[in-house]
Number of protein chains: 2
Amino acid sequence: MDTNKLLSKYSIRSTKARQEIAKAIISLRHKHFCAEEVIERLRKKEIKVSRASAYRLVKLFSKRGVLRPVDLNKRWQMYETSFDKNHHDHLYCLNCGKIIEFENRAIENLQTKVCKEKKFKPLKHSLKILGLCRECDNA
Amino acid sequence: MDTNKLLSKYSIRSTKARQEIAKAIISLRHKHFCAEEVIERLRKKEIKVSRASAYRLVKLFSKRGVLRPVDLNKRWQMYETSFDKNHHDHLYCLNCGKIIEFENRAIENLQTKVCKEKKFKPLKHSLKILGLCRECDNA
DNA sequence: ATAATTGTTGAGACTGAGTCTCAACAAAGT
DNA sequence: ACTTTGTTGAGACTCAGTCTCAACAATTAT
């Protein structure tokens with residue numbers, strides 16, 4: 001994954017700092033992560049980029065749709081990458097923190113129906129089910 | 001609504017401070033509100049109760065199920081009272097902040113089905129649809 | 001009742017994720 | 001080259017929420 005292409009695709013001026021931050025974000029693409037984790041990743045690689053710049057790019061990516069904010073933690077704003085991932089919702093294990101993703105067209109269709117009834121124009125939604133994953137429920 | 005009954009029902013030791021905080025919370029029962037709004041309410045009535053105590057009772061009520069935390073604002077933890085209100089989900093207008101509540105058994109049933117497939121034991125969930133209410137969409 | 005125990009209070013210090021400032025700098029446009 | 005516009009970094013700042021701890025109030029045991 002080419003950081004420069006990613007930046008130019010979204011009309012984000014390419015700079016040394018942004019390339020490094022983007023690289024860190026790409027390396028976290030299979031997780032849910034927060035801005036501090038991006039910073040931590042850079043720190044571990046001994047790449048000097050300021051906190052502010054990391055927060056700035058994460059927020060910019062979020063605005064441009066490269067990242068999707070996900071409310072999985074009330075303390076930190078978590079994100080997931082949107083490339084190579086369709087919209088989905090989350091099951092969150094209260095015991096071990098595991099996150100299971102799922103897609104369900106039928107639920108989405110019913111949401112659309114509810115919105116029609118309420119004369120509401122849906123733009124996005126988040127469905128989060130909290131509970132226990134199989135392992136934690138059996139333990 | 002009797003604050004003392006509310007407290008004793010949930011085995012919460014009744015004190016002067018708690019009665020006042022509970023009264024403030026009850027007066028906000030038809031809104032979504034955060035701890036600071038409870039404090040503001042007390043301040044306006046010139047009732048002296050410390051911030052810490054208000055936060056403490058709100059959290060205790062939340063743990064005991066008197067209040068339900070609702071993620072409607074990323075800055076403040078919002079709550080709604082659970083007495084005289086069944087479980088429901090929310091439509092949230094991004095423009096004016098209006099909140100429309102709705103209940104839909106069919107959606108909940110599908111959620112249960114998804115959990116079964118994923119061997120996940122659901123305990124609670126939150127579904128939030130963000131968009132534009134009728135007035136804001138037409139404006 | 002009285003004493004011992006346990007829970008609650010308030011004022012303010014503290015925490016920490018996230019934002020803001022602003023002068024120095026770098027990229028793009030002319 | 002020169003001007004304009006956007007970006008950077010270091011650290012100060014914000015502010016919802018938590019913690020501290022000694023004084024106090026409610027409950028339980030004696």
Side-chain angles (χ1 to χ4, degrees), chain A residues 3-25 28 32-43 45-64 66-79, chain B residues 3-25 28 32-43 45-64 66-79:
Chain A
T3 58
N4 269 319
K5 281 204 184 111
L6 183 62
L7 294 169
S8 68
K9 181 177 171 191
Y10 289 91
S11 314
I12 295 172
R13 191 183 280 186
S14 177
T15 66
K16 197 89 213 327
R18 280 176 172 168
Q19 284 160 33
E20 292 295 355
I21 299 163
K23 220 194 286 177
I25 287 171
L28 293 167
H32 291 88
F33 59 89
C34 63
E36 290 297 331
E37 285 176 84
V38 174
I39 292 163
E40 181 60 16
R41 172 91 190 175
L42 292 164
R43 207 191 53 70
K45 296 253 170 189
E46 297 185 27
I47 294 162
K48 278 230 210 57
V49 173
S50 90
R51 262 166 61 76
S53 294
Y55 269 96
R56 277 187 288 237
L57 189 58
V58 164
K59 187 170 256 191
L60 187 55
F61 272 171
S62 185
K63 211 183 296 180
R64 298 285 166 82
V66 182
L67 293 179
R68 277 195 290 257
V70 194
D71 285 351
L72 290 170
N73 185 309
K74 54 187 141 30
R75 199 154 174 185
W76 298 284
Q77 179 60 58
M78 305 299 286
Y79 296 91
Chain B
T3 56
N4 269 318
K5 280 205 185 112
L6 182 62
L7 294 170
S8 69
K9 181 177 171 192
Y10 289 91
S11 315
I12 296 171
R13 191 184 280 187
S14 177
T15 67
K16 196 88 213 327
R18 280 176 172 167
Q19 284 159 32
E20 293 294 355
I21 299 163
K23 221 195 285 178
I25 288 171
L28 294 168
H32 293 88
F33 58 89
C34 64
E36 289 298 331
E37 285 176 83
V38 174
I39 291 162
E40 181 60 15
R41 172 92 190 172
L42 292 164
R43 208 191 54 69
K45 296 254 169 189
E46 297 186 27
I47 293 161
K48 278 230 209 56
V49 173
S50 92
R51 260 167 64 76
S53 294
Y55 269 97
R56 277 187 288 238
L57 190 57
V58 164
K59 187 170 255 190
L60 188 54
F61 272 171
S62 185
K63 212 182 297 180
R64 296 282 167 68
V66 182
L67 293 179
R68 277 195 290 256
V70 194
D71 286 352
L72 290 170
N73 185 307
K74 55 186 145 22
R75 198 154 176 187
W76 300 284
Q77 179 61 59
M78 304 298 285
Y79 297 91

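In what follows, chains are A, B, ... by sequence order, proteins preceding strands, each numbered from 1. Quick note: numbers below take in every heavy atom, side chains included, and nothing from hydrogens, waters or symmetry partners.
- Phosphate proximity of C:dT19 to A:Lys59: present, with a side-chain N or O under 4.0 Å from OP1 or OP2.
- Here the side chains of B:Arg64 and B:Leu60 are in contact, with some heavy-atom distance below 4.5 Å.
- Here A:Ala52 lies in heavy-atom contact (under 4.0 Å) with a base.
- When all heavy atoms of A:Val70 and A:His32 are compared, the pair lying nearest together is CG2-CD2, 4.2 Å.
- Using a 4.5 Å heavy-atom threshold, the side chains of A:Tyr55 and A:Val38 count as separate.
- When the P atom of C:dG18 is taken as reference, atom CH2 of A:Trp76 falls 9 Å away, rounded to whole Å.
- Salt bridge status for A:Glu20 with A:Lys16: present, with a side-chain N to carboxylate O gap under 4.0 Å.
- Positionally, the nearest nucleotide of DNA chain D for A:Arg51 lies more toward the 5' end than for the other of A:Arg51 and B:Arg51.
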For B:Ser53 and B:Ile21, run side chain to side chain contact (heavy atoms under 4.5 Å, CB included): C-alpha distance rounded to whole Å, both residues' side-chain angles, the deciding distance at 0.1 Å, then the answer. CA-CA 8 Å; B:Ser53 294; B:Ile21 299 163; 4.0 Å; yes
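- Between B:Lys16 and B:Gln77, the residue whose closest nucleotide on DNA chain D is further toward the 5' end is B:Gln77.
- Base contact: B:Arg56 has a heavy atom under 4.0 Å from a base atom.
- Between A:Glu36 atom CD and C:dT19 atom C1' there is a gap of 12 Å when expressed in whole angstrom units.
- Looking at the side chain of B:Arg13, the nearest of the listed nucleotides C:dA28, C:dA17, C:dG7 is C:dG7.
- The shortest side-chain heavy-atom distance between A:Phe61 and A:Leu6 falls under the 4.5 Å cut-off.
- Nucleotides of DNA chain D with any atom under 4.0 Å from a heavy atom of chain B span, from 5' to 3', D:dC15 to D:dT27.
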